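Data block below; observations after.
In this text the structure is predicted, and so the values were computed from the model without any measurement.
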Amino acid sequence: MYCSAECNKRITCRTFDFDADSLQCRLWDLDTTTGSIVASPSKPRSCVGSVQFSPNNYVNIHNQSCSHCDQSRYEICNVNSSTCQCPPFTYWNNGMCMTQLFQGQICSNAFACRTDLNLSCQPGCDFTYRCSASPTAGIGQTVAGFCNGSTDAGTLGVMGPWGIYVSPFDGILYVSNYDVPRFQSFLPFSRIGSTILSNGLSAPEDIFVDSSHNIYMSDYTINQGIMYIQRPGMNLTSFPPIGRSNINCSLIGLYEVIGVVVDQSGNIYASLPTCYAIVKWVPNSTTGILVAGNLGHSGTNSNSLDWPRFMHLDEDRAALYVADSDNNRIQKFIIGGNGTGITVAGGNGAGSHLNQFSIPTGVWVTRNGQTLYIADSNNNRVMRWNIGDTQGSVVAGSASGIAGSTNKLLSYPGDVALDPTETYLYVSDYYNNRVQRFLLQ
């Protein structure tokens, strides 16, 4: 009982064991979530006990001011936030402070692993997330699909992943499957996908999710085009009003649409590669507005585009970034401007030098608006390019353009995205039928 009381005095103690022969009392900061109690024939008079925790212990203290946890058994005062938070070697989960996990244990939380041992929750090829050391830069981890590039149309596989999006609000990964048409979602710390839409699709291209969790999905169809919108708790709707577009570049349709982004006012921006244009659709409108490009005509000047594909919207700076694929450049357009583009990356012809691209398809911009990540598809790599620089650097894939299926290589990457903390880069590795994640430095 004395040994038990000593454990209960210490906020970091979760388990004690007392040997009646040696009168030794040992205190541990672990519990049965990180191991198990095993009977010992050599210690028949050893007594083991573990402190019991429940969400009821935390109802009136967690995230409250520090006065609520003064001399508390369960939480401590965090000096940075001046609120009651979990003590060392524990993390908040399921309404209580849980013991952090060790190497190889299955995890489902960013804070579940022992950070003092340099462990974090990482994806594995066994379709689980486990506590392990973080990868080094340039080493990809498969977060969707099979690590070896196998194909599967079930919940474990992705087939021809093309457009991807990582929600900045909840970290959910969204994937469009081009080869077996469907749109999928993957929850954080889960390698199991859920199908959002598959029926009636022809060639899924891009996917975007707004702050209200409305999901916008573009379907590129030869000589046609349509966009689907899934709003929470509502039936699936399609767009534009005329349905699938006909074989022309009229502003009343979405002829062969690929890219899609949406602003906070609900304005939809769509890229029409074979119309060489970006169009904007105001909510409830029946006609689009030309934002960039020369409708029906390709070109290389600052007012023209040639096969624009995926886009990124920096709404804070009223800037729309476009992967101008066949011009091998990234163009920046000011929302509400005159349609004149500024080349912010590439524009030096097709090639594999650090100032060149070969069919760039995807682009993502950091929150501060200073750094671009570009899927350089034909070069089988992802480039990082700082605004104002004359060349970029390779952050994923081969610097020389070699395709491959190892964890260091890519094969025709289609799109890129960053996680909400901008710690990881996500890449759709098209021919390898997987989505890879890379640690950024």
Side-chain angles (χ1 to χ4, degrees), residues 7 10-15 27-37 50-59 61-63 69 72-81 83-137 139-144 147 155-156 166-173 185-194 407 418-426 435-440:
C7 179
R10 295 164 171 79
I11 193 171
T12 55
C13 180
R14 294 211 159 199
T15 303
L27 308 181
W28 310 82
D29 59 6
L30 311 177
D31 57 26
T32 52
T33 63
T34 54
S36 59
I37 298 173
S50 189
V51 178
Q52 298 300 300
F53 295 87
S54 77
N56 290 334
N57 301 133
Y58 299 89
V59 170
I61 58 174
H62 188 68
N63 271 337
C69 54
S72 168
R73 172 67 180 81
Y74 304 104
E75 291 201 322
I76 62 174
C77 177
N78 183 289
V79 294
N80 294 321
S81 64
T83 58
C84 299
Q85 300 295 329
C86 292
F89 310 135
T90 65
Y91 70 104
W92 185 251
N93 191 35
N94 294 326
M96 55 189 293
C97 294
M98 307 285 287
T99 303
Q100 286 184 319
L101 306 174
F102 286 86
Q103 176 77 32
Q105 292 189 294
I106 293 177
C107 51
S108 60
N109 188 296
F111 306 101
C113 306
R114 287 287 291 261
T115 53
D116 61 310
L117 301 178
N118 295 319
L119 299 177
S120 57
C121 196
Q122 300 294 334
C125 293
D126 62 349
F127 295 95
T128 66
Y129 277 75
R130 295 178 183 271
C131 292
S132 61
S134 296
T136 56
I139 301 296
Q141 298 173 298
T142 303
V143 293
C147 294
T155 59
L156 298 180
V166 178
S167 170
F169 309 106
D170 50 27
I172 295 176
L173 168 66
S185 64
F186 293 81
L187 295 175
F189 307 104
S190 173
R191 296 272 275 104
I192 309 299
S194 298
N407 60 6
L418 298 186
D419 77 307
T421 65
E422 299 190 341
T423 302
Y424 293 103
L425 166 73
Y426 289 73
V435 177
Q436 295 291 86
R437 189 179 83 173
F438 296 85
L439 179 67
L440 295 175

query = When you take the SG atom of each Cys, Cys147 and Cys125, is the space between them under 2.5 Å?
reply = yes
message = So, applying side-chain contact (heavy atoms from CB on, under 4.5 Å) with Val143, which one of Phe189, Phe186, Tyr129 is it?
response = Tyr129
request  = Take Gln100 and Leu117, measure what side-chain contact (heavy atoms from CB on, under 4.5 Å) needs, and give me the verdict at the end.
outcome  = CA-CA 11 Å; Gln100 286 184 319; Leu117 301 178; over 6 Å; no
message = Any side-chain to backbone donor/acceptor pair from Arg73 onto Ile11? Under 3.5 Å, distance only.
response = yes
task = Go through the steps to decide whether Tyr74 and Met96 satisfy the test side-chain contact (heavy atoms from CB on, under 4.5 Å), and finish with yes or no.
result = CA-CA 9 Å; Tyr74 304 104; Met96 55 189 293; over 6 Å; no
message = Can you tell me if Phe111 has over 12 outside heavy atoms packed within less than 6.0 Å of its CZ?
response = no
ask   = Do the side chain of Thr155 and the main chain of Ile192 share a donor and acceptor less than 3.5 angstrom apart?
value = no
ask   = Any side-chain donor-acceptor pair under 3.5 Å between Arg130 and Thr128?
value = yes
message = Can you tell me if Asp116 has over 12 outside heavy atoms packed within less than 6.0 Å of its CG?
response = yes
key: Qualifying residue, where the test is side chain to side chain donor-acceptor pair (under 3.5 Å) with Gln85 and the options are Thr90, Asn63, Asn80   = Asn63
inquiry  = How long is the straight-line distance from OG of Ser194 back to CD1 of Ile172, given to the nearest 0.5 Å?
reply    = 9.5 Å
task = Taking the two cysteines Cys97 and Cys86, decide whether their SG atoms are closer than 2.5 angstrom.
result = yes
message = Between Cys84 and Asn78, is there a side-chain heavy-atom distance shorter than 4.5 Å?
response = no
ask   = Any side-chain donor paired with an acceptor under 3.5 Å for Arg114 and Gln105?
value = no
query = Relative to each other, are the rings of Tyr58 and Trp92 parallel, tilted or perpendicular (30° and 60° limits)?
reply = perpendicular
message = Please tell me whether Cys131 and Cys121 are bridged, where bridged means their SG atoms are separated by under 2.5 Å.
response = no
query = What heavy-atom pair brings Asn109 and Asn93 nearest, and what distance separates the two atoms?
reply = ND2-OD1, 4.0 Å
ask   = Taking all atoms of both residues into account, what is the closest heavy-atom pair of Ala133 and Gln122, and its distance?
value = O-CG, 4.0 Å
ask   = Is there a side-chain contact between Val166 and Tyr424 (heavy atoms, below 4.5 Å)?
value = no
inquiry  = Using every non-hydrogen atom in the two residues, find where Ser120 and Cys113 come nearest and quote the distance to one decimal.
reply    = C-SG, 3.6 Å
task = Any chance you could measure Tyr426, atom OH, to Gln141, atom CD, to the nearest 0.5 Å?
result = 9.0 Å
task = Locate the shortest heavy-atom distance separating Thr423 from Thr421; write the atom from each residue and the value.
result = OG1-OG1, 2.7 Å
query = Within the distance-only criterion (no hydrogens, no angle test), does the side chain of Gln52 pair as donor or acceptor with the backbone N or O of Ser50 below 3.5 angstrom?
reply = yes
ask   = With a 3.5 Å cut-off and no angle check, do the side chains of Thr142 and Gln436 form a donor-acceptor pair?
value = yes
request  = Determine, step by step, whether Leu439 and Thr136 satisfy the side-chain contact (heavy atoms from CB on, under 4.5 Å) criterion, reporting the C-alpha distance in whole Å, the side-chain angles of both residues, the deciding distance to 0.1 Å, and the verdict.
outcome  = CA-CA 7 Å; Leu439 179 67; Thr136 56; over 6 Å; no
Side chains of Arg14 and Leu27 in contact at under 4.5 Å (non-hydrogen atoms) = no
Residue pair Cys77 / Cys69: nearest heavy atoms and the distance that separates them = N-SG, 3.9 Å
Derivation of the side-chain contact (heavy atoms from CB on, under 4.5 Å) call for Val51 and Thr15 = CA-CA 6 Å; Val51 178; Thr15 303; over 6 Å; no
